[in-house]
Amino acid sequence: MSKAPSSKINNMSELKATCKSPANIAFIKYWGKTDPKTRVPQNNSISMCLSGLFSICTVEFRRGYYLDKIMFLDEKVVKKKERERIIAVLDRVRKLKKTKLKARVVTKNNFPKAVGIASSASGLSSVTFAACQALGLNLTKVELSKLCRLASGTACRSVPDGFVEWKKGTNTNDSYSVQIFPPDYWDIVDVVVIVSSEMKKISSTEGHALANTSPFQKSRLLGMPAQIKAIKKAMKEKNFTAFGQIIEQESLNMHAICLTSQPSILYWNPSTIRIMKDVQAWRQAYPDSRLESYFTIDAGSSVHIICQKKDKRRLVTRLKRTVGVEKIVVNQPSVGARIIDEHLF
Ligand code: DP6
């Protein structure tokens, strides 16, 4: 974070900013860290920013504030752990600016938390970016991505636009995300199927910490460079079938690590499995009813179904008839974190 200005804040102009940041879906997953403190991952990961799932956060620093005040719109209580995570973001940004000013933070998501749709990615990247902007820190996208990574690994992938690679690097100074293709590069769609709004019992942070207890994590990591190469080739060629096969297999690979960790983690519920089976069956159906889509699942029960834009309607129609589906959110590839003019307070 070398470029952060260290000047004192001595004018009374408004130190307030609002950021809108998307969730992202990983095609190659981040699972396991080399360093839990700085969230340097064990492997590179590849993702897409999502147009329909986002967080908005307003941060204001002020002389009159004696404590950091944090509020989630639509939620009465802010859990202790969430509060601590947000305060840690504020502390990092304050340190860069060399200020002790306290802040008011108001944030909201347009989707339920902790059901496997990367709420920490959108939530913590939006707090980080809004706080930096409010204090006038002029960070590059790379610097911002690194700062977001310290809050939540996946948050660093919500900074660049479109299709993104998080380069694991070797330490906290060279682990960040970059764009590999812009949002309009490929007309693919992520139809997110929420099957339960119940909070997951084991957080992804806890899950990462267990990855090395799986006897298969070593072989997962050994295969990673080839996986990354193969998916980038499929994306470059816009070969949807090759791409889809890789992402589905990769998601199952990550869940194989979860299932065989000690203790074991099972994020799916019966509706998750029913949808996984449906997606596979729809691909194998006779030509007139064949539907080519592939699933990928993060640390939760929600299923992300990736299809080409031309098949979106048929997919959504089928999902609406599927038992156990609570909510469907259709996403295009989107831009990353942005500063916006409308504040939440
Ligand atoms: C399963 O970013 O939530 O979604 O760095 O501890 O905050 P922390 O973990 P988090 O990791 C979730 C990982 C995943 C897969 C992925 O998106 O790559």
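Ligands are counted one by one from 1 in listed order, and the atoms in each one are counted from 1 as well.
When each of Ser126, Ser122, Ser120, Ser125 is tested with Ser55 by the rule side-chain hydrogen bond (donor to acceptor under 3.5 Å, both in side chains), just one qualifies, namely Ser122.
Side-chain contact annotation: Ser214 with Gln217, donor-acceptor N/O pair under 3.5 Å absent. Inspection of the Tyr176 and Glu143 side chains reveals no N or O donor paired with an N or O acceptor under 3.5 Å. In the model, Gln332 has no side-chain atom that pairs as donor or acceptor with a side-chain atom of Asp187 under 3.5 Å.
Listed by number with element, the atoms of ligand 1 under 4.0 Å from a non-hydrogen atom of Ala299 are 1 (C). For ligand 1 and Lys33, the ligand atoms under 4.0 Å from any heavy atom of the residue are 5 (O), 6 (O), 8 (P). With ligand atoms numbered from 1 in the order given, ligand 1 contributes 1 (C) to contacts under 4.0 Å with heavy atoms of Trp31. Of all the atoms in ligand 1, the ones that sit under 4.0 Å from a non-hydrogen atom of Gly153 are 2 (O), 5 (O), 7 (O), 8 (P). Those atoms of ligand 1 that come under 4.0 Å of a heavy atom in Ser120, given as number and element, are 3 (O). Remark: ligand 1 atoms within the under-4.0 Å shell around heavy atoms of His208 are 6 (O), 9 (O), 10 (P), 11 (O), 12 (C), 13 (C). In the vicinity of Arg85, heavy-atom distances shorter than 4.0 Å reach the ligand 1 atoms 7 (O), 8 (P).
For Tyr294 and Phe240, the gap between ring centers is short of 6.0 Å.
Neither the backbone nor the side chain of Ser45 has any atom closer than 4.0 Å to an atom of ligand 1 (non-hydrogen atoms only). Of the heavy atoms in Glu250, none comes closer than 4.0 Å to ligand 1.
In the hydrophobic clustering, Tyr30 connects to Trp166, either directly or through intervening members, whenever side-chain heavy atoms lie under 4.5 Å apart.
In this pair, His255 and Trp268 present their aromatic rings tilted. The plane angle is within the 30 to 60° band. Between Phe181 and Phe163, the ring-plane angle classifies as perpendicular under the 30° and 60° cut-offs.
Looking at ligand 1, you won't find any N or O of Ala151 less than 3.5 Å from one of its N or O atoms. The N/O atoms of Asn24, backbone and side chain alike, include none that comes under 3.5 Å of an N/O atom in ligand 1. Residue Arg157 has at least one nitrogen or oxygen atom sitting less than 3.5 Å from a nitrogen or oxygen atom of ligand 1, judged on distance alone. At a 3.5 angstrom cut-off on N or O pairs, Lys29 does not count as close to ligand 1.
Applying the salt bridge (charged side-chain N to carboxylate O under 4.0 Å, His left out) test to Arg283 and every residue at least two apart in sequence or in another chain returns Glu248.
Taking a 4.0 Å cut-off on heavy atoms, His255 fails to register as neighbouring ligand 1. Residue contacts with ligand 1 leave out Arg149, since none of its heavy atoms falls under 4.0 Å from the ligand.
Residue nearest to atom 2 (O) of ligand 1, selected from Ile297, Thr205, Asp298, Thr154: Thr154 (by heavy-atom distance). Here the shortest heavy-atom distance to atom 3 (O) of ligand 1, taken over Ala155, Cys258, Ser204, Ala26, belongs to Ser204.
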- Taking it one step at a time, do Glu250 and Arg220 satisfy salt bridge (Lys or Arg N to Asp or Glu O under 4.0 Å)? CA-CA 9 Å; Glu250 156 59 14; Arg220 170 175 168 75; 2.9 Å; yes
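A cation-pi arrangement is absent between Lys233 and Phe243 under the rule of less than 6.0 angstrom and at most 45 degrees off the ring axis.
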